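Sequence lines set the chain letters: A, B, ... in the order given, protein chains first and strands last, and positions in each chain run from 1. When reading the values below, keep in mind they use all heavy atoms of this one structure, side chains included, and skip hydrogens, waters and symmetry mates. Every value quoted in this text rests on a predicted model; they were computed, and no experiment measured them.
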2 protein chains.
Amino acid sequence: MQQILDASKTSDWRALDPANTLYMDLPKGRVVIELAPSYAPLHAANIRTLAHEHYWDSLAILRVQDNFVTQWGDPQAETDHPTHKKSIGSAKATLPAEFEREIDRTLPFTDLPDGDVYAPQVGFSDGFPVARDPKTGKTWLTHCYGMVGAGRDNAPDSGPGTELYVVIGEAPRQLDRNIAVVGRVVQGMEYLSALSRGTGALGFYTKASQRTPILRVRLVSDLPLAQRTKLEVLRTDTSTFNALIESRRNRNDTWYLHKAGRIDLCNVPLPVHTH
Amino acid sequence: MQQILDASKTSDWRALDPANTLYMDLPKGRVVIELAPSYAPLHAANIRTLAHEHYWDSLAILRVQDNFVTQWGDPQAETDHPTHKKSIGSAKATLPAEFEREIDRTLPFTDLPDGDVYAPQVGFSDGFPVARDPKTGKTWLTHCYGMVGAGRDNAPDSGPGTELYVVIGEAPRQLDRNIAVVGRVVQGMEYLSALSRGTGALGFYTKASQRTPILRVRLVSDLPLAQRTKLEVLRTDTSTFNALIESRRNRNDTWYLHKAGRIDLCNVPLPVHTH
């Protein structure tokens, strides 16, 4: 895989869009999240507003459930004192469900022909793992490791993006089409995946002191150029990406005695580098 | 799922076999590992010998690679001073590859008919996730979250069980049939999955001080009864287990607007309780 990346061309990569990238600073390091406005435009817009108005600053990681998700937001809203929750400023408190969208020919799609347990068709769209159902004409972002979603209560419109989660275990694909996936972590997953698991129900921390504080979340376009990390992601509509998939599907190094011949959607790496 | 477990019968559960169960004590808590002698008999025997002779006591967690594995063993053998490695006592230094075995009608198998990207047939055998290929007549343990394997070098016989790893991310099914899977963590995964990721190549720690020490590993049958935890695992050849799978395949709670209709082998929970 490294050989393929080393041989890649400049045009195989695209820079992250500063207007759709977040930096979340935790005590141990920075998490970089890319939003997916093509799949969840209203959520991406609301999250941009929340970040622009510094909503998450001084909030916390609320929940870490082993082999499932790490979730963050306002401790007051979730568990402590709902009446004292932080103002969401000019962001919206509810949003229409953006759990799937129409398949659109303008939307990039690189087919992964290896099959999938959960969906009739899977592949990649502009760097994100996606599934599609040709019968219903719908497509949706899939819950792979590192994907970020907007937590919700029972009402479909109750997840405006104030409380976000990231997948830290085996892909919980049963969540697909039930909740708005809003993006993915492109760097710094280890700051979210290696946190102590909460001992309460669903992995919630039982004491405020157990929560990891969020120092700040910033929309990159709000930052001066000097404070931005120049990250690029491998384009998923390139022959380099297809070569990378093949190198992972059938490993060439001598260690492998048996080549898998197939690869699961959520096992395909989505490379990131600094340029 | 909890309703189904609450309604389960005593006979739906089986006690862990003390002769094939390990306690690994780390500073933050205990990890319980069940060996799979039906699939890796020589490895299980060697690991029993190593535990019986206290091989892992004062060794360490060597490697934590995000979304892949946590691995433990002798720091001297792996990185520091190969010539100073700890004696493996009466255990064997090499073992024949136990990467797959013949399908045997005496071996329990509960089919999971939901399909699989990597294997023609998958299911459960005595509490372990497995795959089978009717054409070759072979079956093997699969690399799901929490499964434990015996690290090896390039030689197929070079993984005698001294260095073990556990899956802490998306199931790396490309490893199936390439390495001996020897069992699974039945309790205490959070003590292996929430460790700081190593910053060296392959997630190895770069400094000795970063490694988590292993206090001790014991074979449960070597311990007096009073020191044993009475753990039981749900039998996978029961109607209760099938009901549990169905409850996860098609979630009944009102939160789910879209039922998946399918479930991946590695998303099926394998319940454990104290009796």
Side-chain angles (χ1 to χ4, degrees), chain A residues 28 64-67 97 99-100 112 114-119 122 140 144-146 152-156 167-179 189-199 203 248-251 253-267 269, chain B residues 28 64-67 97 99-100 112 114-119 122 140 144-146 152-156 167-179 189-199 203 248-251 253-267 269:
Chain A
K28 289 195 178 174
V64 186
Q65 186 171 356
D66 196 58
N67 193 18
F99 304 165
E100 56 185 12
L112 183 73
D114 299 52
D116 185 73
V117 168
Y118 292 91
V122 293
W140 56 94
C144 295
Y145 193 91
R152 69 165 173 89
D153 296 325
N154 269 357
V167 173
I168 61 163
E170 176 69 18
R173 297 282 305 279
Q174 73 280 0
L175 297 179
D176 289 2
R177 309 166 79 178
N178 279 297
I179 196 161
M189 258 310 285
E190 64 273 25
Y191 304 118
L192 293 169
S193 60
L195 298 169
S196 292
R197 277 47 178 155
T199 55
R248 305 286 285 193
R249 185 188 279 131
N250 291 301
R251 307 276 182 133
D253 49 298
T254 52
W255 188 89
Y256 281 90
L257 303 168
H258 174 84
K259 297 182 185 197
R262 301 271 196 105
I263 190 164
D264 187 274
L265 175 70
C266 292
N267 269 324
Chain B
K28 289 194 177 173
V64 186
Q65 185 171 357
D66 196 58
N67 193 18
F99 304 164
E100 57 183 13
L112 184 72
D114 298 52
D116 186 73
V117 167
Y118 292 91
V122 293
W140 57 93
C144 295
Y145 193 91
R152 69 165 172 89
D153 296 325
N154 270 356
V167 174
I168 61 162
E170 177 69 19
R173 297 283 305 279
Q174 74 279 1
L175 297 178
D176 289 2
R177 310 166 79 178
N178 279 297
I179 196 161
M189 257 309 285
E190 64 272 26
Y191 304 118
L192 293 169
S193 60
L195 297 169
S196 292
R197 279 45 180 157
T199 55
R248 304 286 287 194
R249 186 188 279 132
N250 291 300
R251 307 276 181 134
D253 49 299
T254 52
W255 188 89
Y256 281 90
L257 304 169
H258 174 85
K259 298 182 184 196
R262 301 272 195 102
I263 190 164
D264 188 274
L265 174 71
C266 292
N267 269 322

So, taking the atom named [atom1] in [X] and the one named [atom2] in [Y], what distance separates them when rounded to the nearest 0.5 Å?
X: B/N154; Y: A/D253; atom1: CG; atom2: CG; value: 8.0 Å
X: A/R197; Y: B/M189; atom1: CZ; atom2: CE; value: 8.0 Å
X: B/D114; Y: A/Y118; atom1: CG; atom2: OH; value: 8.0 Å
X: B/D176; Y: A/H258; atom1: CG; atom2: NE2; value: 8.0 Å
X: B/K259; Y: A/N178; atom1: NZ; atom2: CG; value: 10.5 Å
X: A/N267; Y: B/N67; atom1: CG; atom2: CG; value: 7.5 Å

Side chain, backbone, both or neither: which part of [X] has an atom under 4.5 Å from a heavy atom of chain A?
X: B/F99; result: side chain
X: B/R251; result: side chain
X: B/L257; result: both

Would you say the side-chain atoms of A/E170 pair up with the backbone N or O of B/A171, donor to acceptor, closer than 3.5 Å?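 A pair under 3.5 Å: yes.
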
Determine whether more than 12 heavy atoms belonging to other residues, nucleotides or ligands lie under 6.0 Å from atom NZ of B/K28.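 Counting neighbours around NZ of B/K28, 12 or fewer heavy atoms of other residues, nucleotides or ligands fall under 6.0 Å, so no.
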
Would B/L175 and A/W255 count as a side chain to side chain contact (heavy atoms under 4.5 Å, CB included) here? Give the steps. CA-CA 10 Å; B/L175 297 178; A/W255 188 89; 3.8 Å; yes

Sort out for me which of B/Q174, B/E190, B/R249 touches chain A most, counting heavy-atom pairs under 4.5 Å.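 Option with the top pair count is B/Q174.
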
Quick check on the interface: out of B/D116, B/V64, B/I179, who has the most heavy-atom pairs with chain A under 4.5 Å?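 Most heavy-atom pairs under 4.5 Å with chain A: B/I179.
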
If you tally heavy-atom pairs under 4.5 Å against chain B, which of A/P172, A/S193, A/A155, A/A119 wins?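 That would be A/S193.
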
Nearest heavy-atom neighbours spanning A/L195 and B/A194: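 Looking at all heavy atoms of both residues, the closest pair is O-CB, 3.4 Å.
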
Taking side chain as everything from C-beta outward and backbone as N, CA, C, O, which of these in A/L265 sits under 4.5 Å from a heavy atom of chain B? Side chain, backbone, both or neither.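 For A/L265, no heavy atom lies under 4.5 Å from chain B.
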
